[in-house]
Protein chains: 4
Amino acid sequence: MSTKNKANDPKDLSFTEKARRAQIVQCAIETIAEVGYAQASIGQIAKRANVSKGVITYHFASKDDLLEEVVAAYAIAAEAFIRPVVANAVGPKERLRKYMEANLAFIAEHRKMVFAVVEIAAGMRTKEGKLRFSADADESIYQPIEEILYAGAEAGCFRAFTPLSARVTALAIRHAIDGFSLELMRTPDLSVKEYMEELISIFERAVK
Amino acid sequence: MSTKNKANDPKDLSFTEKARRAQIVQCAIETIAEVGYAQASIGQIAKRANVSKGVITYHFASKDDLLEEVVAAYAIAAEAFIRPVVANAVGPKERLRKYMEANLAFIAEHRKMVFAVVEIAAGMRTKEGKLRFSADADESIYQPIEEILYAGAEAGCFRAFTPLSARVTALAIRHAIDGFSLELMRTPDLSVKEYMEELISIFERAVK
Amino acid sequence: MSTKNKANDPKDLSFTEKARRAQIVQCAIETIAEVGYAQASIGQIAKRANVSKGVITYHFASKDDLLEEVVAAYAIAAEAFIRPVVANAVGPKERLRKYMEANLAFIAEHRKMVFAVVEIAAGMRTKEGKLRFSADADESIYQPIEEILYAGAEAGCFRAFTPLSARVTALAIRHAIDGFSLELMRTPDLSVKEYMEELISIFERAVK
Amino acid sequence: MSTKNKANDPKDLSFTEKARRAQIVQCAIETIAEVGYAQASIGQIAKRANVSKGVITYHFASKDDLLEEVVAAYAIAAEAFIRPVVANAVGPKERLRKYMEANLAFIAEHRKMVFAVVEIAAGMRTKEGKLRFSADADESIYQPIEEILYAGAEAGCFRAFTPLSARVTALAIRHAIDGFSLELMRTPDLSVKEYMEELISIFERAVK
DNA sequence: AATGAATGAGCGTTCATTCAT
DNA sequence: TATGAATGAACGCTCATTCAT
């Protein structure tokens, strides 16, 4: 209604308000992707958006609020992109393949956003110096992979997995996927298709 | 001797000078590992070293100079730790195993230093916003792994590798190793031995 | 009618316009009384009034304009409350008593408004840094008291007063009255009746 | 030693450091006295001191820290000025007179400092909007006066006092003294001597 | 060799004000 | 009438860097 806490409930936001926020989020993503988390000041972001700094603090309660919205936008987009692909896969082996394919394709198609989120996750800290995005990662990130591994072991198409080996394998897969984002930044004209096939092939061997 | 650019040639440095620099580098590592790249100000580092801020800018031309020394110290230490282990390994398979073992062991034993370097590599940028440590990575980082892979293929103990598949495999191995550092930060009491065996087992399958 | 300077002449204002202004003035009083002059932003006041910030700058030419209206509202209310009481008093002694009674009663009954005005008077400055409300105080504030003192001296019920002693006595009385507002803020459940009697008794002795 | 918390213990401060702080405190006093609490920004104070803003945040942990030092400097100076005068007075009547004389003389001689402290006390708030300097006032401010009044009543040279009448009398005396500071600001060439005699005479009557 | 003092640019944030709708 | 959007200046504060001693 009046002055603050715009984002209490996204449904409270007007259409134009949502559009403005989305635009600023996009500029934040591009700025972070280009100059990194540490250098991505509100001033820089505002400059890219061709608005005054005040606009950003008008639409977002704080810089952290904006960065959290970037991460939230990523989470929603990734979820919407990846989940249906994996859900439609038949059998553990295809599921693993599709999981990797979908993740790599998402990264390739949203590389700036992903890179920005990686930067935020690596750079954003609480007042006590702890990483803002990290601890909660375990369950939501690694569990889906582990589930596929266990299912494959049970179905006989993968090797047997102990809790530890499943976790380490999931970590290796996840880090390979996340590393793809870095490679894409370093080498923008990477052949996504080929890279994807190689990576899948590597981990198909690894779980057999 | 004069006023600036102490580090032109390390041999110009007196013994005490070198000790002072090493002490400051160590404090920088600890500070960065604890509070992250962005919050690790010269003031923070000086406080940890129980010296004045001026001492740091006296011994280092700039903050970037100090951070580069941290990275250099890491590179030297890692090199000294890993190279002989790998060099003494007989045959590609053992070489790959030793490479991974040595890397993981080094990370486990120097986790703060490694984490600091990861932070610096992720956060430090040139004035134009480009990552300071990344471009040169290819050759020095991935090449040794690729060499092992090619040697293994030639010897018949690994599968055949194309340039692409060798590169992607090297990336996956490297990212798995780097990811281990993150895991250690998240879970300090990780069983390094077990983790190591699992990771080696994964990539031994992957290259077969 | 046009765009600016709504308040040129109060008679130009429509009924609803006046009501709106009064409502905003009331919210300004409450905000200032609660958080103080410095923290009482237009945004805060608007939030309390459940309107947008724009409403305030629509109805008032500026923030200063609003604050001046607060002071004006106080002046009118105080005048309306105090003057008839004093006018109806018979003789200097009763007049002095009624003057103090009426002032203290007004403060007790309108403590938020009075406190807000005290805050404004203390905090509001011209662009050059001079106090906005102070210079004109002399005549309108101290003169009525001095008149009572002179009348009492002439009538023989008070002691003799020189211009200086009348002025200083008036100041002491006025500061004691103004200080009552501060005490009320500190100690909201002060016994107004008792305080009043004591204060009157003090100054009845002082002028005898 | 290193970076922060200069003021932990005043004895830790070097001579030059103390001098610098005193100079900045003095500039803060003058700035506040001239443009008021709200407009007295660090930038303004720095400008008056002909130094950069950074100097102030170098010597003081925060703006609040500086303002508290202003108040502390006032408290120490007032104490040193007033206490011995009162302590040397013989008998309640002389003690009351000396108390007022010393207070008024101190205000007259340190008018800017006193006015600055009045501004700070009126303007400085906690994060919750409560006045920063006020609650603790009771005991340290009013008690000395009340003690004199009780002593005078017991000695028979003053009238009898109830707790309430003593408190209200103390308040009236204190507000008259504080009000003197405002009068001095309004009328800088006030005759302090005469004003003082009148005020003393008023309250000597009031307590008889 | 080391320090403390100072600087100046930049940060995130607040806020009175303007203005199109 | 009223609003939400936007602006731009100022704020307190941090920090890498410079420099006299």
Side-chain angles (χ1 to χ4, degrees), chain A residues 1-4 6 13-14 16-17 19-20 38-46 49-66, chain B residues 3-4 6 14 16-17 20 38-46 51-66, chain C residues 3-4 6 14 16-17 20 38-46 51-66, chain D residues 1-4 6 13-14 16-17 19-20 38-46 49-66:
Chain A
M1 287 290 127
S2 54
T3 329
K4 283 269 160 111
K6 303 275 188 177
L13 301 175
S14 73
T16 38
E17 168 77 5
R20 202 57 161 143
Q39 277 84 337
S41 67
I42 283 193
Q44 288 280 319
I45 296 167
N50 263 106
V51 295
S52 72
K53 276 199 305 178
V55 173
I56 291 175
T57 42
Y58 174 72
H59 289 285
F60 295 89
S62 67
K63 189 187 182 186
D64 282 10
D65 188 32
L66 167 57
Chain B
T3 357
K4 291 258 161 132
K6 300 276 186 179
S14 73
T16 44
E17 168 79 7
R20 224 0 170 191
Q39 277 85 336
S41 66
I42 284 192
Q44 289 274 321
I45 295 166
V51 296
S52 74
K53 275 199 309 179
V55 173
I56 291 177
T57 43
Y58 174 74
H59 288 285
F60 295 90
S62 68
K63 188 186 184 186
D64 283 10
D65 187 30
L66 167 58
Chain C
T3 357
K4 293 259 161 133
K6 299 277 185 180
S14 74
T16 45
E17 168 78 8
R20 220 6 167 192
Q39 277 86 334
S41 67
I42 283 193
Q44 289 273 323
I45 295 167
V51 296
S52 73
K53 273 199 311 178
V55 172
I56 290 177
T57 43
Y58 173 73
H59 288 284
F60 295 89
S62 69
K63 189 187 182 186
D64 283 9
D65 187 29
L66 167 57
Chain D
M1 289 288 128
S2 55
T3 328
K4 285 268 159 107
K6 301 275 187 179
L13 300 176
S14 73
T16 39
E17 169 76 6
R20 203 56 161 143
Q39 276 85 336
S41 67
I42 283 192
Q44 288 280 322
I45 295 167
N50 262 106
V51 295
S52 72
K53 277 198 305 177
V55 172
I56 290 175
T57 43
Y58 173 74
H59 289 284
F60 295 89
S62 67
K63 189 187 182 185
D64 282 11
D65 188 31
L66 167 57

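All values reported here derive from a predicted model rather than from experimental measurement. A, B, ... follow the sequence lines: proteins, then strands. Residue 1 opens every chain.
- Distance from the side chain of C:Val55 is smallest for F:dA2 among the nucleotides F:dA6, F:dA2, E:dA5.
- Here E:dT17 presents its P atom at 10 Å from CG of C:Leu66, a figure rounded to the nearest Å.
- Between D:His59 and D:Glu17, the shortest heavy-atom contact is ND1-OE1, 3.0 Å.
- Counting only Watson-Crick or G-U wobble pairs whose defining distances are both under 3.5 Å, the stems of 3 or more consecutive pairs in DNA chain E are E:2-21 with F:2-21.
- Regarding contacts with the backbone of E:dG4, every side-chain N or O of D:Arg20 stays at 4.0 angstrom or more from both OP1 and OP2.
- A residue-by-residue look at A:Val51 and B:Ala38 shows that A:Val51 has its nearest nucleotide of DNA chain F further toward the 5' end.
- C:Ile56 places its CD1 atom 13 Å from the P atom of E:dC15, with the value rounded to the nearest Å.
- Spacing between atom CZ of C:Phe60 and atom P of E:dA16 amounts to 14 Å, rounded to whole angstrom units.
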Worksheet item: Please walk me through it: do D:Arg20 and D:Val51 pass side-chain contact (heavy atoms from CB on, under 4.5 Å)?
Response: CA-CA 11 Å; D:Arg20 203 56 161 143; D:Val51 295; 3.3 Å; yes

Dump the pairs, protein N or O against N or O of nucleotides 9-11 of chain E, anything under 3.5 Å, distances to one decimal.
from: E:dC11; atom 1: OP1; to: A:Ser41; atom 2: OG; distance (Å): 2.8

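- Atom pair A:His59:NE2 and F:dA6:C1' shows a separation of 8 Å (rounding to whole Å applied).
- When the side chain to side chain contact (heavy atoms under 4.5 Å, CB included) test is applied to C:Ser62, the partners found at least two apart in sequence or on another chain are C:Asp64, C:Asp65.
- Taking for each of B:Thr57 and C:Ser62 the nucleotide of DNA chain E with the nearest heavy atom, the 5'-most of the two is the partner of B:Thr57.
- Looking at residues two or more places apart in sequence or on another chain, you find no side chain to side chain contact (heavy atoms under 4.5 Å, CB included) involving C:Ala38.
- No side-chain heavy atom of C:Ile42 sits under 4.5 Å from any side-chain heavy atom of C:Leu66.
- Of all heavy-atom pairs spanning C:Lys63 and C:Ser41, the tightest one is NZ-CA, 4.2 Å.
- Rounded to an integer number of Å, the gap from OH of B:Tyr58 to P of F:dT18 is 15 Å.
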